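Below is one structure, written out as structure tokens; comments come after it.
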Amino acid sequence: VGKELIAQAIHKLSHKSGPIISVNVAGLDDNMFSDTLFGHSRGAFSGADKARAGMIEQANGGTLFLDEIESMPIAVQIKLLRVIQERVIERVGGNELIPVDIVVVAASKADLAGLSESGEFRADLFYRLNIASLNLPALRQRKEDIQVLFRHFVIQASHKYKTRPSTIYPEQIQQLCRHEWPGNVRELSNVADRFVLGIVGDGFDLQSPICESTGEDFAFEKQMELYERNVLTEALIESSGNINEVSSKLNLPRKTLYRK
């Protein structure tokens with residue numbers, strides 16, 4: 001649903017001087033949790049020939065974003081709670097308390113309140129984190145965003161693959177809005193890539209608009225009508241529906257524009 005993008009926006013709006021450090025908690029090895037987050041002192045374990053700052057320390061002066069925090073082991077949750085309460089960390093194998101000034105943003109696919117009630121997530125950590133909560137709706141629950149996001153991803157893909165942006169027909173926008181998007185924004189981005197590359201048959205893809213009528217003359221007229229409609233749609237979207245702006249951009253009298 002764009003969790004990391006929203007975390008980056010929160011960081012930017014916080015005007016913190018430090019960086020944003022993103023940690024995918026679910027992707028961390030169980031044996032390396034503490035070392036990755038808290039760092040280690042020299043000689044803390046075999047092969048630790050020099051001290052290393054962990055991700056929490058790296059986020060000092062900025063934002064620590066913990067994605068899928070529901071995957072964090074209980075033992076590490078206790079250490080994180082201390083960081084949030086006392087604003088200090090202790091590296092693995094060390095005894096020095098290092099002060100940290102961070103904003104903590106955590107994201108979860110699961111219901112942390114429910115997990116804390118069942119004992120699968122520490123209730124005290126949940127309440128420490130739950131100062132401000134944002135519920136992010138899935139893409140299928142905000143279909144009004146699909147068209148704008150898809151056009152954005154198509155432009156991105158066109159730059160990436162060095163092609164001209166593909167024409168998007170209203171019928172194809174309707175197809176996008178009918179899809180349930182189980183993969184959320186990442187799936188939409190992938191569909192845009194396939195659309196630009198002309199790949200079909202690999203997951204959800206957009207079918208080309210089909211003219212069901214026959215006859216060369218009518219087919220030509222239909223194609224011109226579709227092209228004209230697409231030009232008008234694009235101009236209306238780009239100008240946020242400002243008729244005067246569209247009229248000027250397309251050099252069309254307002255009366256003609258309204259008729260079309």
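This structure is a prediction, so every number in the text was calculated from the model and none was measured.
The heavy-atom pair separating V88 from P99 by the smallest distance is CG1-CA, 4.1 Å.
Salt bridge D193/K160: present, at least one basic N to carboxylate O contact under 4.0 Å. Comment: R87 does not engage D101 in a salt bridge, judged by the lack of any side-chain N to carboxylate O separation of less than 4.0 angstrom. With salt bridges taken as basic N to acidic carboxylate O contacts below 4.0 Å, one links K143 and E180. A salt bridge links E57 with R91: the closest approach of a Lys/Arg side-chain nitrogen to an acidic carboxylate oxygen falls below 4.0 angstrom.
Within 6.0 Å of CZ on R254 lie more than 12 heavy atoms contributed by other residues, nucleotides or ligands.
With rounding to the nearest 0.5 angstrom, the CG atom of N244 is 14.5 Å from the NZ atom of K249. In this structure, the separation between CD1 on I69 and CG on L125 is 5.5 Å, given to the nearest 0.5 Å.
Contact annotation: the side chain of H11 approaches that of S14 to within less than 4.5 Å [non-hydrogen atoms, C-beta and beyond]. Looking at H40 and K50, their side chains never come closer than 4.5 Å, going by heavy atoms from C-beta outward.
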Is there a side chain to side chain contact (heavy atoms under 4.5 Å, CB included) between W181 and L176 once you walk through the steps?
CA-CA 9 Å; W181 302 107; L176 292 170; 3.6 Å; yes
Before you tell me yes or no, could you show the steps for F65 and E4 under side chain to side chain contact (heavy atoms under 4.5 Å, CB included), namely the whole-Å CA-CA distance, both residues' side-chain angles and the distance that decides it to 0.1 Å?
CA-CA 8 Å; F65 174 52; E4 188 165 356; 3.9 Å; yes
With side chain to side chain contact (heavy atoms under 4.5 Å, CB included) as the criterion, how do F195 and Q172 come out once you've worked through the C-alpha distance, each side chain's angles and the decisive distance to 0.1 Å?
CA-CA 11 Å; F195 177 68; Q172 292 170 319; 3.7 Å; yes
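No donor-acceptor distance shorter than 3.5 angstrom exists from the side chain of S247 to the backbone of I243, with no hydrogens or angles considered.
When hydrophobic clusters are built by joining Ile, Leu, Val, Met, Phe, Trp and Tyr residues whose side-chain heavy atoms come closer than 4.5 Å, directly or via intermediates, I78 is not grouped with L129. Transitive grouping of hydrophobic side chains (ILVMFWY, heavy atoms separated by less than 4.5 Å) brings F150 and L197 into a common cluster.
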